[in-house]
Every structure is written in structure tokens, then in C-alpha cells.
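What you see below is based on every heavy atom in this structure, not just the backbone, and it leaves out hydrogens, waters and symmetry mates.
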Amino acid sequence: MYSSTVDALRQGHYAEAEQLAAALVRQEPLDGQGWVLLGEALQQQGFGLAARRVFDRAWLLDPEAAWVTRVHAALQQVPDGSPRGDVDALLQVEPVTVAAVIIAGNEERCIARCLRSLQGAVDEIVVIDSSSDGTAAIAESFPLVRLIRAEWQDDFARQRNVALAHVQSDWILMIDADEELVSDDVSYVRHIAGLFHATELPAVLHVWHLHQQGQQIRHDFSQTRLFPNRRGLEYRGRIHEQLAVAGQGLYEQATLRRIVRLRLRHDGYDPAVLRGKQTIERNLRLLAKQVAEEPDNPGAWLFYGRETMAAGRLEEAIRHLRKAEEAALQQPRFGRLLEVYRLLAQLAWRLGQGQKRLDEAAGYCLKALELQPDYPDARYMLAQIRLKQAEQLVQEAGRELKQAKESFRTYRGTVSPDYTILDGKADALLGDLMRQCGKLSEARELYRGVRGRFPQLEGLGARIAFIDRQQQKLNESHQSAPQGAAQAVSKPTANGE
């Protein structure tokens, strides 16, 4: 699909590459890679302004793209170039209206912040309120807000479906009161909705969450928040509710699921906020009801296990997540089995790092990798497990070496032992263990002692020379480093760069 365009770029035929890439985006306007190729062709021809707009479209359609920082830096060196009406025409989006919907229950702390962030982004705001504090008065003080009172009945899906009945716009942005739309994305809400407005299947779009947890920000693309109105979509589930097509099974529905670059900041998972609202206790109560009502729903068991884990009830969490795995294997279209395996691996790791638990954690990582070989979390966790197993093997090797030397006192078998083990080989191998553990000075002293006592042993001089070279490099690096220099650590930022 892309090969001819890529070849033209590699050969420096940028005008030809532009034509080929333009054909790609006309054919598949929701494919981010086609827009990337078009952006590069424009960039190489000096059309910087057009290239920026095209790359921005590509990033909207692929928010996890790895090229973003590099390309933005390169575009700073490219002139704007002449206007490109043909590119403008490719970028045209069907105009649509969007309603923001908020489910509110005693949200005095944050409702104003949420509503301020939506000004200019949407055409109407529907607030479904069950509060007993001043949330309603705050909400009604904002323009575009229509307040609907609805009694809370332990069912988030019910509240959201009540809201859907009051929406008049073409699209719906479902946003929680403890979230806010990133200001740079205000102009993109209608734009993204317009991009997906004419899809054959209803588009259910995942947004980019920036979860504030203490001093850290966790990036999450799992939640669906932007979707078309009047396409038969409804919510199901008492909590961690999910969109589904009316009349279709939750994991059998026909929808188009995509991740888009629409960023919401969220502080509801911050530990201080969770404690103040007793969120985990409420969630566990609702999830207990939900799994009783839907025992074959893998999503309900996943969420129950995840919340139980957050409450510190680890063995119980394992039981719930194993139920999730069992149910998921009967639902081939359930899309979060990777998360089930990740949580099970984390729980096995946290419950103890003996051999049995480590093997269990590794097994879940391997199950995840069978599903998706490039899942980074499973690769990282498996490396963490293997490192701990290696540490344990090194410790075990040290004990065996000690026992090998002590065994000469008691062994009286008819098969003669290798006395060179006692005459330096064991100590030399112990030096190898120390070197593997980074104890270079101790290893060198042990090697030197063994060489002094048993000069006939081979390879000791080479091992000592290796350590001397390593330590010399370390000394040189310390001498060349500026005094007090801080080490920079790259972290994700709110704008994704």
C-alpha cells in the first residue's frame, strides 16, 4: 500500500511522492500513515505550512506516534512556502455539532474547571445531576449548560443513557466532572467528530487520558468518550460502563474503534481525591452487584479484580482476574485480555518472589505475548522477572561453590574428586560471580589471591586485566563529568512530545 510512495521519497522524487500520498489519503482518509507520507513529501519540497497541517492530521489519527517530536523539530527549519489550496481541500472536514455530557454527583470541587475547559469546544452541555451540594448551581452559571435532575440508582450506565435522550447534537463527548479538556485541543473536538462522521459503522473513539496521580502523569488510551448520536449506541454496566450497539452483544457489536488525539486531564485517581470520595469502596460495591448479574462478562470480572487489587486484597483480586480470564476465553472479541494477564503477573510478583511466584508471573507474561508479541508491558515485566531469577541463581551458585569446597572434608567415595576445585577453581568461579554482580574490586582481589596461590590456573590474568580496564573507564568518566551536573530524565509531557 505504501511501498511506491516510500520508494519515491527515498529516491528524492518528492513531487511524485506527493501525488502518490495524496491518492492514499483520498482512498483512506482515516489512515494516519498516508498523511505522514504526504507530510514528508511536502516538507521536502519546502511547503512547511502545508506540511505542518498534514502532520497534525496524522497525529490526530495516531496519537501514540513515535515520530512527533522529531518531525516538529525538523519543521522549524522549513519555510512556510506558498499556499496549497489542493492540500487545504484534502484536509476539509464535514461540519458537525457536538454535545458534552457530564454525570455529576457532589462535584463542587471540580465541576467549574471541567465546564470552563469546554467553552468553545462544544455546542451544548448536558449535565445529569444527582448532587446534594452546590454542584447544580455552579453548573447552571455556565453558558450552554442544560441541567437534568436524575436520582442516583447505583448504575452509571442508567445515568448516561438518561443523558443521551436529551442530546440534540450530531456527536457526544462524554466527559467526567473531574476531567478537563486540554486547552490546545479545544478546536479539535468538532474536527475529529467530522473526520469520522460518515463512517459506515458507528465510530466509537478512544481519547487520550492524562491521569494525575501525585507527582506523576499516567497516559491511558483505553476509554471511549467520543461517539455519534442517533446511531443506536447505549451504555451498559453499573460501573466502568461500556458503549454498545442496542440489540447486539457487548462483545459482538459492529463498531469502528479508533484512538484519537483528544486529551483529557483527570485527577480523580489521585490518592488524596480517592480517599476523600471513598471511590474504591463504592466501586467494589457496584462491581459485586454487576458480577452477580453478569457472571459471564469478562469485563466486569476484570474491573472487579482491578479495584480489589487497588484495595490491597491481593489474593481475592487473583480469584476475580482468573474468572475474567475464564470468561474472556469464551468471548474472542473481548479486547482487554492483555490487561488481565498484566494484572495477574503484577499480583504474582507482589505476593512474593520465590520461585513458584516468579514462574507464575512469567507464565502470565508469556500468555500476554502469545496474544500480542509486541506488548511492551509484558516484555518489561518478563525482563524484571528474569533478572530476579538470575539474582537467585547467582546466590544459589555461591552456596553451591561453598558446599563444593566443604564437601572435600566429608566425601569418601570411590570416584576421585577433582582436587583443582579445592586448589583455586572454586575461588576463581566465586570471583566470576562477584564480577557478574558488579563487585569488581572484590573480584579482582580474589583473582589475585588465587593466581598467587595457583599460578597454573588459566585465564586469571585476562580477568584481572578486564576489570582494570573497566575501572579505568569509570575513573576517566568521573574525571570528565562536570561537578554537580544533573542528569536529565525524559518524561512524557501533556502535549505528548
Please verify the inter-ring angle class for [X] with [Y]; under 30° counts as parallel, over 60° as perpendicular, anything in between as tilted.
{"X": "Y364", "Y": "Y341", "answer": "parallel"}
{"X": "H266", "Y": "H209", "answer": "perpendicular"}
{"X": "W59", "Y": "W208", "answer": "perpendicular"}
{"X": "F334", "Y": "Y251", "answer": "perpendicular"}
{"X": "Y235", "Y": "F227", "answer": "perpendicular"}

Main-chain N/O of A15 paired to Q19 side chain as donor or acceptor, under 3.5 Å: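 The answer is no, because no donor-acceptor pair under 3.5 Å joins these two groups.
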
Indicate yes or no: does [X] engage [Y] in a salt bridge with an N to O separation below 4.0 Å.
{"X": "R70", "Y": "E40", "answer": "no"}
{"X": "K388", "Y": "E391", "answer": "yes"}
{"X": "E325", "Y": "R322", "answer": "no"}
{"X": "E294", "Y": "R236", "answer": "no"}
{"X": "R379", "Y": "D374", "answer": "no"}
{"X": "E339", "Y": "R342", "answer": "yes"}
{"X": "D176", "Y": "R160", "answer": "yes"}

side-chain hydrogen bond (donor to acceptor under 3.5 Å, both in side chains) for E18 and Q45? Distances and angles first, verdict last. CA-CA 9 Å; E18 180 191 330; Q45 295 177 87; 2.8 Å; yes

Verify the neighbour count for atom [atom1] of [X]: are there more than 12 heavy atoms of other residues, nucleotides or ligands below 6.0 Å?
{"X": "F221", "atom1": "CZ", "result": "yes"}
{"X": "E200", "atom1": "CD", "result": "no"}
{"X": "R333", "atom1": "CZ", "result": "yes"}

Please test Q472 against R469 for side-chain hydrogen bond (donor to acceptor under 3.5 Å, both in side chains), starting from the C-alpha separation and ending with a verdict. CA-CA 5 Å; Q472 183 180 357; R469 289 195 299 272; over 6 Å; no

Nearest-0.5 Å distance, CD1 of residue I102 to CG of residue L115: 4.5 Å

From CG (L91) to CG (D86), nearest 0.5 Å: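 That separation rounds to 10.0 Å.
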
For A58 against G32, the heavy-atom pair lying closest together: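 Answer, listing the atom of A58 first, then G32: CB-O, 3.6 Å.
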
Tell me, with the steps shown, if D359 and Q389 meet side-chain hydrogen bond (donor to acceptor under 3.5 Å, both in side chains). CA-CA 9 Å; D359 288 344; Q389 290 173 327; 3.3 Å; yes

Scan H211, E180, E179, Q223 and name whichever one has a side chain to side chain contact (heavy atoms under 4.5 Å, CB included) with L264. E179

Is it the case that the ring center of W171 lies less than 6.0 angstrom away from the ring center of F196? no

Among side-chain atoms of E307 and H240, is any donor-acceptor pair under 3.5 angstrom?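 A pair is found: one side chain offers a donor N or O, the other an acceptor, under 3.5 Å apart.
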
Please determine whether side-chain hydrogen bond (donor to acceptor under 3.5 Å, both in side chains) holds for the pair H191 and R57, giving the CA-CA distance in whole Å, both sets of side-chain angles, and the decisive distance to 0.1 Å. CA-CA 10 Å; H191 188 91; R57 170 67 57 83; 3.2 Å; yes

